[in-house]
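Contents: one structure, followed by commentary.
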Amino acid sequence: MDRRRFLITGAAYAAAVLAAPGMALAGKGGAVVLLPKPVMSGGKPLMTCLALRHGNHAPGRGEVGLPDLGALLWAAWGINREDGRHVIPTALNRQQVAVFAVRSDGVWEYLPAEHAMKKVLEGDRRGSFDNSGLVLLYAAPVKDRFSAMHVGSMYQNVALYCASAGLENCVKDQGRGALDRELPLPAGWETLITQSVAPGK
Ligand SMILES: Cc1cc2nc3c(=O)[nH]c(=O)nc-3n(C[C@H](O)[C@H](O)[C@H](O)COP(=O)(O)O)c2cc1C
């Protein structure tokens, strides 16, 4: 099944195109929130971000605001070209990855084509992980030998954005699979790794 069609209904998409960032739209199967576009001219120089990149094993409980969330998700799996290709490369451009944001207000799937997120689970599920302000889940086909490479590209891009924006983050092998049965994952897909994020202290 075409993944984008699976994820967002036509009605929700049509409404999303007309809506402002941050606006929640009632879509079939879950609200859709348009994310603010990342500021492409912002942030620290790349070499500074590389120099600052580090993991913090205990990010705080503070929530990550929508501007940073939009930028983080775009850094992980956004589309950066007119032809629909992504910020990260994928083998044969198969694009078989998914990112979920576990927040206090539910679990959201990133929709790269719309630069939006769709609620896929209700409630605060961060307790299944380390209770950080935001937990990102990176999912992909578990038997694809390229999947680990793909999710590694995603968490590194997010780590660099965190270095740029002064956010704390840590890649974590935690609670893996805790939500997989409830997430809208195609057969054979699993959460391979997570990344906890919070505002800097
Ligand atoms: C694939 C992967 C899995 C990791 N799993 C955990 C983990 O479960 N718990 C944790 O506290 N840190 C975890 N880390 C973070 C590493 O411990 C950390 O990156 C390492 O100590 C190096 O520190 P740095 O990221 O600050 O360079 C993981 C990192 C990677 C790349």
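Remember, it's 1-based here, ligands and their atoms both numbered in the order they're listed. Computed from a predicted structure; not experimentally measured.
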Rounding to 0.5 Å, atoms NE2 (H150) and CH2 (W77) come to a distance of 8.0 Å
Might you confirm whether atom NZ of K201 has over 12 heavy atoms from other residues, nucleotides or ligands at distances under 6.0 Å?
yes
Is it the case that atom CZ in R81 sees more than 12 heavy atoms from other parts of the structure closer than 6.0 Å?
yes
Quick one: look up the protein heavy atom nearest atom 31 (C) of ligand 1 and list residue, atom name and how far away it is.
Y155 OH, 3.4 Å
Of N169, V171, D130, the residue with the heavy atom nearest atom 15 (C) of ligand 1 is V171
Side-chain (S153) to main-chain (M149) donor-acceptor, under 3.5 angstrom:
yes
Considering H57, H54, R53 one by one, which has a heavy atom nearer to atom 11 (O) of ligand 1 than any of the others?
H57
Looking at atom 27 (O) of ligand 1, is any protein heavy atom nearer than 4.0 Å to it?
yes
Ignoring angles and geometry beyond distance, decide whether C170 reaches within less than 3.5 Å of ligand 1 through its nitrogen or oxygen atoms.
no
Looking at non-hydrogen atoms alone, which of T194, D173, I193 comes nearest to atom 8 (O) of ligand 1?
D173
What is the nearest protein non-hydrogen atom to atom 9 (N) of ligand 1, stated with its residue, atom name and distance?
K172 CG, 3.8 Å
Looking at every heavy atom in both Y110 and G78, which two are closest together, and how far apart are they?
OH-CA, 3.6 Å
Any N or O of G55 that comes nearer than 3.5 Å to an N or O of ligand 1?
yes
Could you tell me if the side chain of L72 sits less than 4.5 Å from the side chain of Y161, heavy atoms only?
yes
Answer yes if a protein heavy atom lies under 4.0 Å from atom 17 (O) of ligand 1, otherwise answer no.
yes
Would you find more than 12 non-hydrogen atoms of other residues, nucleotides or ligands less than 6.0 Å from M47 atom CE?
no
Under-4.0 Å protein heavy-atom contact, atom 22 (C) of ligand 1
no
